[in-house]
Amino acid sequence: MMAWTPNWTRLTSAAELALDRTLTCGQSFTWTRLPSGIWYNTLRLPGHAVPVLLRTHNDEVQFRSFGSPRSQAQFQQPVPKTPLPPTQYLVAPSRDPAAVVAPSHDPVYLLLHDYFQLSYSLPALYLDWSTRDPSHFAHVSPLVPGIRLLRQPPVETLFAFICSANNNIARITGMVQALAMRYGECVYPGGLLDIGGEEQALPPMYVFPSMDRLVQSADEIEGVLRGLGFGYRAKYIAATVKTLGGLGGEAWLVGLRGKGYAEVRDALVQLQGVGRKVADCVALMSLDQPGAIPVDTHVWQIATRDYKFKPSTKSKSLTPTTYDEVVKLFQTLFGPEAGWAHSVRSIACFFIITRCAAFSLTREHRSCSRPTWRATLATRNPNPRLPQLRQDPQPLPISQVNPRLFQNQRPHQRRHQRENARPQQQRRRQFG
DNA sequence: CCTTGACCTGGTCGT
DNA sequence: AATCGCAGGTCAAGC
């Protein structure tokens with residue numbers, strides 16, 4: 001049974017879901033933003049994957065998908081990796097009113113409702129977290145409304161976050177999409193689509209490969225991914241494919257939903273390339289653990305700087321012990337959805353710095369904010385032919401910015417880091 | 001326990 | 001034009 005929603009249909013209000021923020025903040029790497037502001041991705045329904053488009057229009061978030069029995073049948077044939085002439089594949093979406101089903105029975109609507117966790121009321125959550133943390137969350141969260149935690153497919157989330165080690169959003173996005181192009185199924189070959197009377201050019205779309213497909217390629221995958229520039233992560237991915245395949249594949253991973261946090265974490269960290277941080281990302285963003293808090297160096301800074309966190313041991317760095325203590329700090333503060341709350345809080349910090357760097361800060365501040373942070377949003381879209389992400393035109397008043405956010409980003413400290421790092425580099429050279 | 005260093009790569013920054 | 005430091009970590013090895 002084919003399922004698609006040919007006309008723009010309301011998903012939720014813009015207040016409940018800020019698309020641009022939610023899809024660029026580093027939790028999903030599979031959405032792409034078109035120049036028109038429309039986002040596209042391929043999502044799985046039982047039996048097949050569908051291309052989905054999202055947009056914000058008239059104060060609401062709308063979706064549509066497209067496809068047709070004829071085009072779907074064609075997609076089951078092997079599809080070349082380069083786009084074919086649009087007319088060869090694309091079938092105009094049906095305008096037949098009978099094809100439009102009520103949203104509550106529309107499988108794509110239900111899929112998106114689940115994916116964006118729309119059963120949570122976001123303003124209510126923000127209010128609760130602001131009450132719990134009046135001095136920080138309440139201060140910064142109004143600047144970044146509408147950030148929802150996604151409930152993503154566990155397999156692609158796992159592999160995406162294995163790629164995230166020692167990496168940045170732009171490159172992770174490229175790697176995840178490379179994985180989809182190499183092993184995933186082509187769901188849409190690319191072409192022109194008629195959207196509300198306007199023709200929109202869409203690139204080919206590939207769905208993230210199934211676990212079965214990856215297991216089939218287990219022996220070659222490390223070499224292939226190294227060739228694609230995955231670096232040492234290629235080995236982790238190949239090993240995790242084999243281990244996960246042996247444990248029961250996708251069913252085993254999805255089966256972790258509904259288990260307790262400790263069990264989920266322990267299950268994940270037995271996979272290669274999955275430490276605590278990656279495990280917490282996967283648990284939080286795909287396995288129904290809204291209390292899981294991924295602690296990275298950035299979060300560590302926030303904890304020690306803004307929340308005056310003092311580790312119980314003499315440890316000066318992020319160790320398993322201090323990791324647990326930071327988690328406990330934020331879980332106590334924010335309650336059951338602490339992971340979600342903390343994500344919003346971190347993203348707020350990130351956005352403040354990005355926007356201030358672009359619009360409002362003095363030259364000194366501009367130079368302190370990390371270049372990669374500035375660049376991340378602009379380069380979120382890996383397709384160089386597409387325009388860069390639009391910056392928010394509203395400058396952020398400097399008076400709203402907590403100056404402490406910049407404490408660890410001062411130029412003299414960067415210089416200091418450079419000088420410290422130099423001897424290490426020389427030592428490594430002697431080996432080569 | 002905690003600390004340290006290696007690990008791939010690509011875009012950026014400063015000579 | 002060539003270089004160097006770095007990025008939202010993980011793992012193994014040595015205290």
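These numbers come from a predicted model, not from an experiment. Each chain gets a letter, A, B and so on, in the order its sequence line appears, and its residues count up from 1.
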Measure [atom1]/[X] against [atom2]/[N] and give the value in whole Å, please.
| X | N | atom1 | atom2 | value |
| --- | --- | --- | --- | --- |
| Arg171(A) | dC6(C) | CZ | P | 17 Å |
| Asp296(A) | dG9(C) | CG | P | 6 Å |
| Gln177(A) | dG10(B) | CD | P | 16 Å |
| Met175(A) | dG9(C) | CE | P | 13 Å |
| Leu228(A) | dT9(B) | CG | C1' | 13 Å |
| Ile172(A) | dG9(C) | CD1 | P | 9 Å |

Worksheet item: Within 45° of the ring axis of Trp8(A) and under 6.0 Å from its six-membered ring centre, is that where the NZ or CZ of Arg55(A) lies?
Response: yes
DNA chain C contacts made by [range], counting heavy atoms under 4.0 Å:
| range | value |
| --- | --- |
| residues 264-293 of chain A | Leu271(A), Gln272(A), Gly273(A), Val274(A), Gly275(A), Arg276(A), Lys277(A), Val278(A) |
| residues 231-243 of chain A | Tyr232(A), Tyr236(A) |
| residues 152-164 of chain A | none |
| residues 310-344 of chain A | none |

Worksheet item: Got a sec, which residues hit ring pair (Phe, Tyr, Trp, His ring centres under 6.0 Å) with Phe161(A), two or more places apart in sequence or on another chain?
Response: Phe29(A)
Fill in: Results of salt bridge (Lys or Arg N to Asp or Glu O under 4.0 Å) for Asp266(A) - residues two or more places apart only
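Listed in chain order: nothing, the list is empty.
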Worksheet item: How would you list, by chain and number, every residue that makes a salt bridge (Lys or Arg N to Asp or Glu O under 4.0 Å) with Arg226(A), sequence neighbours excluded?
Response: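 Residues passing salt bridge (Lys or Arg N to Asp or Glu O under 4.0 Å) with Arg226(A): Glu222(A).
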Worksheet item: What class does the angle between the rings of Phe330(A) and Tyr307(A) fall in, given that below 30° is parallel, 30 to 60° is tilted and above 60° is perpendicular?
Response: perpendicular
Response to the item:
Listing for DNA chain B: consecutive Watson-Crick or G-U pair runs of at least 3, distance cutoff 3.5 Å, ranges ordered by first number, gives B:2-7 with C:9-14
Charged N to carboxylate O under 4.0 angstrom, [X] versus [Y]?
| X | Y | answer |
| --- | --- | --- |
| Arg182(A) | Glu220(A) | yes |
| Arg132(A) | Asp128(A) | yes |
| Asp133(A) | Arg345(A) | no |

Determine the Euclidean distance between corresponding [atom1] atoms of [M] and [N]; express it in Å to zero decimal places.
| N | M | atom1 | value |
| --- | --- | --- | --- |
| dG8(C) | dC13(B) | P | 15 Å |
| dG10(B) | dT10(C) | P | 22 Å |
| dA1(C) | dT9(B) | P | 24 Å |

Tell me every residue that passes side chain to side chain donor-acceptor pair (under 3.5 Å) with [X], counting only those two or more places apart in sequence or in another chain.
| X | answer |
| --- | --- |
| Arg148(A) | Glu16(A) |
| Tyr232(A) | none |
| Tyr261(A) | Arg276(A), Asp280(A) |

Worksheet item: Can you name the closest pair of heavy atoms from Thr56(A) and Ala14(A) and give their distance?
Response: CG2-CB, 4.1 Å
Item to complete: Return the set of residues passing side chain to side chain contact (heavy atoms under 4.5 Å, CB included) with Ala338(A) (not counting sequence neighbours), or none when no residue passes.
Response: Ile293(A), Gln331(A), Phe334(A)
Worksheet item: Is the ring centre of Tyr183(A) less than 6.0 Å from the ring centre of Tyr206(A)?
Response: no
Discussion item. Quick one about Gln200(A) and Ser36(A) (side-chain donor to acceptor, distance below 3.5 Å, no hydrogens or angles considered), yes or no?
Written reply: yes
Discussion item. Is it the case that the side chain of Trp252(A) and the backbone of Gly246(A) share a donor-acceptor pair, with hydrogens and angles ignored and the cut-off at 3.5 Å?
Written reply: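 Absent.
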